[in-house]
Amino acid sequence: MAYKIDAFDCVGCCACIFACPFKIPVEHKMEHKVEIPQDKCVGCGQCEDICPVAAIHPAPGQKKIRNVYINADNCIGCSLCARNCPNDAISGEIKSPFTIDQTKCIKCGYCGTKCKKDAIVIEYYL
């Protein structure tokens, strides 16, 4: 999952760097451009939403996340998802199912990469 920046359109404002909860975009000061390392981007789309010149787009094959929630039947309450959530959107008690506050969730899906019990359900736009 990754987003890419069109180098021709990028004006080097660095808004994407500040918007990224993972601080993944890299500024190239000499060229006044920003780059998103494809191997590090989790595909949350926060950079695309903030870019004032619309220079950021999903990489080919990238699907935008529509919804993220926890399947309580699979959740063992280990807290891995909550400890890795960049926006503190996940809460719960140890050994009990955790929940995601949809008003705080930025739909990055990072929690799903940490869950070892497949309790995180990620739905994508078609």
Side-chain angles (χ1 to χ4, degrees):
M1 298 190 302
Y3 278 71
K4 62 181 182 136
I5 298 176
D6 183 332
F8 181 76
D9 293 334
C10 179
V11 295
C13 71
C14 299
C16 55
I17 294 173
F18 297 107
C20 179
F22 303 98
K23 304 300 178 220
I24 291 171
V26 177
E27 179 184 15
H28 298 288
K29 293 181 183 188
M30 298 298 287
E31 296 90 26
H32 300 289
K33 302 291 178 192
V34 179
E35 174 190 17
I36 299 174
Q38 299 294 289
D39 60 330
K40 294 181 181 173
C41 178
V42 299
C44 69
Q46 297 294 300
C47 57
E48 179 186 35
D49 293 343
I50 199 76
C51 183
V53 294
I56 302 174
H57 307 284
Q62 169 69 28
K63 296 184 284 185
K64 183 132 179 144
I65 295 174
R66 181 172 55 89
N67 192 23
V68 179
Y69 64 92
I70 297 174
N71 178 340
D73 292 337
N74 291 357
C75 182
I76 62 170
C78 70
S79 80
L80 274 174
C81 57
R83 287 184 279 149
N84 286 281
C85 178
N87 222 35
D88 295 323
I90 304 174
S91 61
E93 298 289 326
I94 299 295
K95 296 186 180 179
S96 294
F98 277 59
T99 59
I100 298 175
D101 181 341
Q102 294 301 321
T103 62
K104 291 182 178 180
C105 181
I106 60 171
K107 313 287 187 264
C108 68
Y110 192 61
C111 55
T113 67
K114 298 300 177 184
C115 182
K116 299 190 185 315
K117 297 295 181 181
D118 294 324
I120 307 290
V121 178
I122 300 173
E123 298 173 339
Y124 296 92
Y125 286 103
L126 299 177

Inset, instruction - State whether the side chain of Lys114 and the backbone N or O of Leu80 hold a donor-acceptor pair below 3.5 Å, judged by distance alone. - result: no
Legend entry - NZ/Lys23: more than 12 non-hydrogen atoms of other groups inside 6.0 Å: yes
Inset, instruction - Report yes if the side chains of Lys116 and Cys78 come closer than 4.5 Å at any heavy-atom pair, otherwise no. - result: no
Legend entry - Shortest non-hydrogen separation from Cys115 to Ala119 and the atoms involved: SG-N, 3.2 Å
Inset, instruction - Calculate, to the nearest 0.5 Å, the distance between atoms NZ and OH belonging to Lys64 and Tyr3 respectively. - result: 4.0 Å
Inset, instruction - Could you pull out the closest heavy-atom pair between Ser79 and Phe98, with the gap in Å? - result: CB-CZ, 3.5 Å
Legend entry - Reported CG-to-CG distance for the pair Asp73 and Asp118, which is rounded to 0.5 angstrom: 13.0 Å
Inset, instruction - Check the surroundings of atom CD1 in Ile17: do more than 12 heavy atoms from other residues, nucleotides or ligands lie under 6.0 Å from it? - result: yes
Legend entry - Minimum side-chain heavy-atom gap Lys4-Pro60 below 4.5 Å: yes
Inset, instruction - Output yes when a side-chain donor or acceptor of Gln102 lies under 3.5 Å from a complementary backbone atom of Ala89, and no otherwise. - result: no
Inset, instruction - Would you mind reporting whether Val121 and Ile70 have side-chain heavy atoms less than 4.5 Å apart? - result: no
Inset, instruction - Over all heavy atoms of both residues, which pair between Glu35 and Pro37 is shortest? Give the atoms and the distance, please. - result: O-CD, 3.6 Å
Legend entry - Interatomic spacing from CZ in Arg66 to NZ in Lys107 - rounded to 0.5 Å: 10.0 Å
Inset, instruction - Considering non-hydrogen atoms only, spot the tightest contact between Val34 and Cys16 and give its length. - result: CG1-SG, 3.5 Å
Inset, instruction - Would you give the length of the straight line joining atom SG of Cys108 to atom CD1 of Ile122, rounded to the nearest 0.5 angstrom? - result: 8.5 Å
Legend entry - Heavy-atom pair with the smallest gap, counting every atom of Ile56 and Cys51: CD1-CB, 3.9 Å
Inset, instruction - Supply the atom-to-atom distance Ile90 CD1 to Thr99 OG1, rounded to the nearest 0.5 angstrom. - result: 8.5 Å
Inset, instruction - For the pair Asn67 (side chain) and Glu123 (backbone), establish whether a donor and an acceptor sit closer than 3.5 Å, ignoring hydrogens and angles. - result: no
Inset, instruction - Would you please test Val68 and Ile100 for side chain to side chain contact (heavy atoms under 4.5 Å, CB included) and show each step? - result: CA-CA 8 Å; Val68 179; Ile100 298 175; 3.6 Å; yes
Inset, instruction - First locate atom CD1 of Ile65, then atom SG of Cys105, and finally report the distance between them rounded to the nearest 0.5 Å. - result: 8.0 Å
Legend entry - For the student: nearest non-hydrogen atoms of Cys41 and Ile24, plus distance: CA-CD1, 3.8 Å
Legend entry - Within 6.0 Å of CZ in Phe22, more than 12 heavy atoms from elsewhere: yes
Inset, instruction - Quick one: do Tyr124 and Gln62 satisfy side chain to side chain contact (heavy atoms under 4.5 Å, CB included)? Show the steps, please. - result: CA-CA 10 Å; Tyr124 296 92; Gln62 169 69 28; 5.8 Å; no
Legend entry - Gln38 (side chain) donor-acceptor with Ile36 (main chain) under 3.5 angstrom: yes
Legend entry - N/O donor-acceptor pair under 3.5 Å between Lys33 side chain and Cys10 backbone: yes
